[in-house]
Amino acid sequence: MEGKDSDQSKKLDLEVDNVRYRVIEDPSSSPLKKNDPTQASKTKKSGTKSSIAESNKETTGGEEQEEVQKQKNDIISQPLENIKKPISVSKKNTEGSAFQIEEYRKLGKGEEELLVCRFDNEDLLLACGTMNGSVQIYQISTGKFLRSFECAVNSSSPASCLRWRPLIPGVKEKSVLLTANADGVITHWNIHDAKMMSQFKETENQVLALDFNKDGSLFATAGKDQKIRIYCEETHKVTTELHRGFSGYPGHSNRIFSLKFVEEDPNLLISGGWDRSVHIWDLRTAKSTGSIFGPAISGDSIDCKNDTILTGSWRNFDQLQIWDMKSRKLIKNVDWEYGFKTESAYVYSAQFSKSGTQFIIAGTSTRNEVRVFDEAADYQPCGKVKFEKSIYSVDFAHTRKMFAFCGGDGEAYIYKII
C-alpha cells in the first residue's frame with residue numbers, strides 16, 4: 001500500500017483479491033465526529049442513503065417534509081463513500097473453509113432502498129423494511145411478493161427496524177411482526193390476516209433498534225433519546241427504562257443502534273451505539289452491570305450466543321470482534337481479509353448463526369460486501385458477495401443453513417451455505 005498525504009485527505013491504492021481500489025480517506029467524515037444530522041444533507045453522496053433521500057424528496061414541502069428528510073439522512077450514520085466501485089465483482093470466495101455459498105432467491109423490485117430484513121420463525125417468510133416507511137413480505141419458497149404494510153403515520157419516515165415475535169404456546173396469532181419507524185411509531189402486525197394489531201408512538205424519539213426476549217413476553221426499543229424501554233408484550237406498557245443515571249450510573253451518551261436480549265439469561269440485555277460503548281443491562285436492577293469500550297455500533301450489529309458477544313463496528317479497523325460476556329475481555333478479532341488488517345470494511349450489520357457460533361455473517365458499506373465466516377476454519381471467510389451499493393442488514397435463518405441480506409440496491413437476497 002502506497003499513499004500521498006495532502007492537506008485535506010489521504011489517497012490510498014488498495015489491491016484486494018485482485019480488485020484494485022482507490023480510497024480517499026477524510027477523518028472528518030466519521031459518523032462519531034459528525035453527529036449533527038444536518039451534515040448529511042450538506043453533501044450528496046452517490047449510492048448512499050443520503051443520496052437516495054435527496055432524490056426521493058416529497059413535493060409537499062414545509063416542515064413535515066424537512067423532518068422526514070432529516071430522519072432519512074439521520075437514520076444510519078453517513079457511509080464513507082469516497083471509494084470507487086470495484087473494477088470486477090466476485091460472488092464466491094472459498095479459502096480455508098469447507099463450506100461455500102450459492103444464491104437461492106432474489107427478492108424485491110429495486111425501487112427503493114431496503115434498510116432491514118428478517119426471516120420469520122419458521123423460515124417461510126422474509127420481511128423487509130424500506131427507506132420510504134413500508135414493510136414488504138415475501139414468500140421464501142417461491143420468491144413471491146405477498147403484501148406490503150405502510151408503517152409510518154402521516155409521513156414516509158424510514159422503517160428502521162423490525163422483529164418477528166417468538167412463537168408463544170397457547171397464543172393464536174403465530175405470525176406477528178413488530179416494526180418501528182424513525183418517527184417513533186411502533187406497530188404490531190398480524191401478517192397472515194394482513195391486519196394492524198396495535199400502534200403507538202414514542203414521542204420525540206427515533207426508534208433505531210428493537211428486540212424480543214426469548215419467550216416473547218417482553219420487547220425492547222431504543223434510539224435517538226439514548227434510553228432503552230422495556231415493554232410488556234401483553235399490555236404494550238413500559239415496565240422498565242434503562243438509561244444513564246444522574247448519580248454516576250453508566251449508560252449511553254449517544255444514539256443506540258442495536259439491542260440483544262441474552263437467550264441464556266432472561267434478565268440480561270445488551271446494547272450499543274455511537275458512543276463507542278456496549279452495555280450489559282440487568283433488568284432486575286435497571287442498571288448497566290458491565291460495559292465494553294471501543295465498538296462503534298451504527299446498525300444492527302450486536303449478537304450474543306453461549307456467553308459470547310459479537311460486535312460489528314463502522315470503522316476502519318477491528319471491525320468484527322468476539323468478546324467474553326462475563327469478563328468483557330476480547331477473545332478474537334475476526335479479520336475481514338484473513339491474516340490482514342482491512343481498512344475499508346465499515347460494518348453496518350453482523351450476526352452469529354441462529355444455532356450457535358458456527359458462522360458469522362456481516363455486511364458493509366464502502367466495500368459493499370457480505371461475508372460469511374466459518375468458526376471451524378478460525379473464522380476464515382467461506383463466501384462473499386459484492387455489490388455496487390452498501391449492505392445495511394443481514395440475517396440468518398432459524399432452521400436452515402441460509403442467510404438473507406439487503407441494502408442500497410433495493411433488493412433482498414437469500415443464499416445457502418453448502
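Side chains of N132 and E112: a donor-acceptor N/O pair is present below 3.5 angstrom, by distance only. For the residue pair S365/W314, the side-chain donor-acceptor check at 3.5 Å is satisfied. When only modelled atom types and interatomic distance are considered, Q136 and Y138 share a side-chain donor-acceptor pair under 3.5 Å. For the residue pair E103 and Y413, no side-chain donor N or O sits within less than 3.5 Å of a side-chain acceptor on the partner. In summary, the side chains of W189 and T179 do present a donor paired with an acceptor at a separation below 3.5 Å, with no hydrogens or angles considered. H192 and S175 form a side-chain donor-acceptor contact under 3.5 Å, judged by distance and modelled atom types alone. Side-chain contact of N368 with T364: a donor-acceptor pair under 3.5 Å is absent, judged by distance alone. Side-chain contact annotation: E375 with T357, donor-acceptor N/O pair under 3.5 Å present. In this model, a donor atom of one side chain and an acceptor atom of the other lie less than 3.5 Å apart for Q321 and N333. Side chains of E369 and W336: a donor-acceptor N/O pair is present below 3.5 angstrom, by distance only. Looking at W323 and T308, their side chains never bring a donor and an acceptor atom within 3.5 Å of each other. Side-chain atoms of W281 and S271 form a donor-acceptor pair, as typed in the model, at a separation below 3.5 Å. Side-chain polar atoms of Q319 and T342 form no donor-acceptor pair below 3.5 angstrom.
Annotation: K341, atom NZ; neighbour count of heavy atoms from other residues, nucleotides and ligands within 6.0 Å is above 12.
In this structure, the separation between NE2 on H279 and CD1 on I292 is 10.0 Å, given to the nearest 0.5 Å. Distance check, rounded to the nearest 0.5 Å: CZ of R244 to NZ of K287 gives 15.5 Å.
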Just do the side-chain hydrogen bond (donor to acceptor under 3.5 Å, both in side chains) check on S217 and E234 with the steps written out, would you? CA-CA 7 Å; S217 62; E234 183 177 0; over 6 Å; no

Can you check side-chain hydrogen bond (donor to acceptor under 3.5 Å, both in side chains) on N181 and S157, steps first, answer last? CA-CA 6 Å; N181 286 59; S157 179; 4.7 Å; no

Walk me through whether E264 and N306 qualify under side chain to side chain contact (heavy atoms under 4.5 Å, CB included). CA-CA 7 Å; E264 295 82 8; N306 305 326; 3.7 Å; yes

Is there a salt bridge (charged side-chain N to carboxylate O under 4.0 Å, His left out) between K329 and D324 once you walk through the steps? CA-CA 5 Å; K329 292 183 178 180; D324 179 78; over 6 Å; no

Set out, in order, the CA-CA distance, both residues' side-chain angles and the distance that settles side-chain hydrogen bond (donor to acceptor under 3.5 Å, both in side chains) for Y379 and D335, then state yes or no. CA-CA 8 Å; Y379 286 114; D335 295 328; over 6 Å; no

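The aromatic ring centroids of F396 and F119 lie 6.0 Å or more from each other. Under the 6.0 Å cut-off for aromatic ring centres, F405 and F387 qualify, their centroids lying closer than that. Taking the six-membered ring for Trp and the full ring otherwise, the centers of H252 and H243 sit at least 6.0 Å from each other.
Under the 4.5 Å side-chain criterion, counting only non-hydrogen atoms from C-beta, V116 is not in contact with Y392. Looking at heavy atoms from C-beta onward, K332 lies in side-chain contact with D378 at the 4.5 angstrom threshold.
Judged purely by atom type and a 3.5 angstrom limit, R276 has no side-chain atom pairing as donor or acceptor with the backbone of P295. With hydrogens and angles ignored, the 3.5 Å screen pairs a side-chain donor or acceptor of S313 with a backbone N or O of A296. Between the side chain of R315 and the main chain of F317, a donor-acceptor pair closer than 3.5 Å is present. Within the 3.5 Å criterion, the main-chain N or O of I302 finds a donor-acceptor partner in the side chain of S258. Listed for the N205 side chain is a donor-acceptor partner under 3.5 Å among the backbone atoms of K224. Side-chain atoms of D307 do not come within 3.5 Å of backbone N or O of M325 as any donor-acceptor pair. Listed for the S160 side chain is a donor-acceptor partner under 3.5 Å among the backbone atoms of A180. The backbone N or O of R367 sits nowhere less than 3.5 Å from a side-chain atom of S344 that would complete a donor-acceptor pair. Between the side chain of T240 and the main chain of I230, no donor-acceptor pair closer than 3.5 Å is present. Judged by distance alone, with hydrogens and angles left aside, the side-chain atoms of S353 form a donor-acceptor pair with the main-chain N or O of F359 at under 3.5 Å.
Here R147 pairs with I137, F149, I191, A194 under the side chain to side chain contact (heavy atoms under 4.5 Å, CB included) rule; sequence neighbours left out. Under the salt bridge (charged side-chain N to carboxylate O under 4.0 Å, His left out) criterion, D215 pairs with no residue, sequence neighbours left out. Checked against salt bridge (charged side-chain N to carboxylate O under 4.0 Å, His left out), R163 has the following partners two or more places apart in sequence or in another chain: D211, D300. Remark: H236 engages H188 in a ring-ring contact (aromatic ring centres under 6.0 Å, His included) (not counting sequence neighbours). With sequence neighbours excluded, no residue satisfies side-chain hydrogen bond (donor to acceptor under 3.5 Å, both in side chains) with Q358. Under the ring-ring contact (aromatic ring centres under 6.0 Å, His included) criterion, F352 pairs with no residue at all, not counting sequence neighbours. With sequence neighbours left out, the side-chain hydrogen bond (donor to acceptor under 3.5 Å, both in side chains) criterion links K195 to no other residue. Residues meeting the salt bridge (charged side-chain N to carboxylate O under 4.0 Å, His left out) test with K305, sequence neighbours left out: E263. Under the ring-ring contact (aromatic ring centres under 6.0 Å, His included) criterion, F212 pairs with F219, sequence neighbours left out. Here Y104 pairs with nothing under the ring-ring contact (aromatic ring centres under 6.0 Å, His included) rule; sequence neighbours left out. Every residue two or more places apart in sequence or in another chain was checked for a side chain to side chain contact (heavy atoms under 4.5 Å, CB included) with E204, and none qualifies. Taking D395 as the reference, R118, K354 meet the salt bridge (charged side-chain N to carboxylate O under 4.0 Å, His left out) condition, with sequence neighbours excluded.
Between F403 and Y415, the angle of the ring planes stays under 30°, which puts this pair in the parallel group of the 30/60° scheme.
The pair R255-D275 fails the salt-bridge criterion, with no side-chain N (NZ, NE, NH1 or NH2) lying under 4.0 Å from an Asp/Glu carboxylate O. Between K416 and E102 there is no salt bridge, since none of the side-chain N atoms of the basic residue sits less than 4.0 Å from a carboxylate O of the acidic one. Using a 4.0 Å cut-off between a side-chain N of Lys or Arg and a carboxylate O of Asp or Glu, R400 and D123 do not qualify as a salt bridge.
The heavy-atom pair separating I391 from G363 by the smallest distance is CG2-CA, 3.9 Å. The shortest heavy-atom contact between C161 and A209 is SG-N, 3.5 Å. Closest heavy-atom contact between N190 and E173: ND2-CG, 3.4 Å.
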